[in-house]
Amino acid sequence: MSSAKLLSNSFAIPYILNTIATPTSASPIGVFDSGVGGISVLKHIHTLLPNEDLIYVADSKFAPYGNKTPEFIQERAVWIADLLISKGAKALVVACNTATAAAVDLLRQKYHLPIIGMEPAVKPAAAASKTGVIGVLATSGTLKSAQFAALLEHYGQQVEVVTQACHGLVECVERGELDSTVTQDLLASYVQPLIAAGADTIVLGCTHYPFVRPLIENLIGDDVVLIDTGAAVAKELKRRLEDTRLLNAETQIGQVGFWSNSTQTDAEDIVMRLWGKRVGLSKF
Ligand code: DGL
């Protein structure tokens, strides 16, 4: 089955598709997030691997994940993984720090294909900091997770790590409010304590936050470095595809399909704005 055919199939009935072909190097890569934030990761993947077909799933109806239980997020992650695998996905990218913390171990137990997750970039931030103070902006779900505690244990011992849960910020990005007064005020209240604590390196620990990066840059001095994990995730995906001989040998630019369960009437406009190009948004 061609990848073009796979991309054009309906998402609505994943459970009755019992003829799932074994993925090949020409199969698409499935990428998902609680909503539109993972598009910031998708951009890095498309830049690094332009010949790959990509299927992006935004679970916007259930965003934010940050205030949900791990059990709820696991249920959503399995549902979406089934959906992507039913469309022939050869690899999955969990383009969400919160979903990775809650569900990536379960996904790896359940499915035998490359699964790339992501976590706040504490390690590179600790290595880069000169003041010895780093800030982490993330959801409360990520910051409360056992995975984050392990990350601090491994890489946060030599520095002071100041964390900040950014309640309401994911919702702003989901509404397409990338520079509204509400978004600006929220960000000011979240970023200023990190600067006041002496942080010279701030980790964007949620994939929605790169979309408000210009606002964050307005709040920090030139001496403060922002770290986003999207490029590292794309590199790790490439490495895993090479290792498993699943890298697409195609020389044409791959197709990118967007799927969402958003109930917002302007959902397609928001996706186009974040992706930066005209796209069609399919519903599931
Ligand atoms: N993009 C998700 C992340 O990276 C946002 C989680 C949420 O929906 O709260 O954590």
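Position 1 is the first residue of the sequence, and the numbers go up from there. Indexing begins at 1, ligand by ligand and atom by atom, following the structure's order.
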Please identify which atoms of ligand 1 are closer than 4.0 Å to at least one heavy atom of [X].
X	value
Thr139	6 (C), 9 (O), 10 (O)
His208	1 (N), 2 (C), 5 (C)
Asp33	1 (N), 2 (C)
Val170	5 (C), 7 (C), 8 (O), 9 (O)

Between Asp228 and Tyr209, is any side-chain donor less than 3.5 angstrom from a side-chain acceptor? no
Region of [X] that comes within reach of ligand 1 [heavy atoms, distance under 4.0 Å]:
X	answer
Ser34	side chain
Asn97	both
Thr207	both

If you take the nearest heavy atom of each of Asp59, Thr98, Leu169, which one is closest to atom 10 (O) of ligand 1? Thr98
How far apart are the closest heavy atoms of Leu151 and Pro120, and which atoms are they? CD2-O, 3.3 Å
Report yes if some heavy atom in the side chain of Val233 is under 4.5 Å from a heavy atom in the side chain of Leu237; otherwise report no. no
Tell me whether [X] is salt-bridged to [Y], with the criterion being a basic N under 4.0 Å from an acidic carboxylate O.
X	Y	result
Glu242	Arg239	no
Asp269	Arg273	no
Glu75	Lys68	no
Arg175	Glu171	no

Starting from [atom], locate the nearest protein heavy atom and write down its residue, its atom name and how far away it is, to 0.1 Å.
atom	answer
atom 5 (C) of ligand 1	Cys206 SG, 3.4 Å
atom 2 (C) of ligand 1	Cys96 SG, 3.2 Å
atom 7 (C) of ligand 1	Tyr65 N, 3.1 Å
atom 9 (O) of ligand 1	Gly66 N, 2.7 Å

Any donor-acceptor N/O pair, Thr139 side chain to Thr98 backbone, under 3.5 Å: no
If the plane angle is over 60° it's perpendicular, under 30° parallel, otherwise tilted; pick one for Trp275 and Phe258. perpendicular
Using distance alone, decide if ligand 1 has a nitrogen or oxygen within less than 3.5 Å of any nitrogen or oxygen in Thr142. no
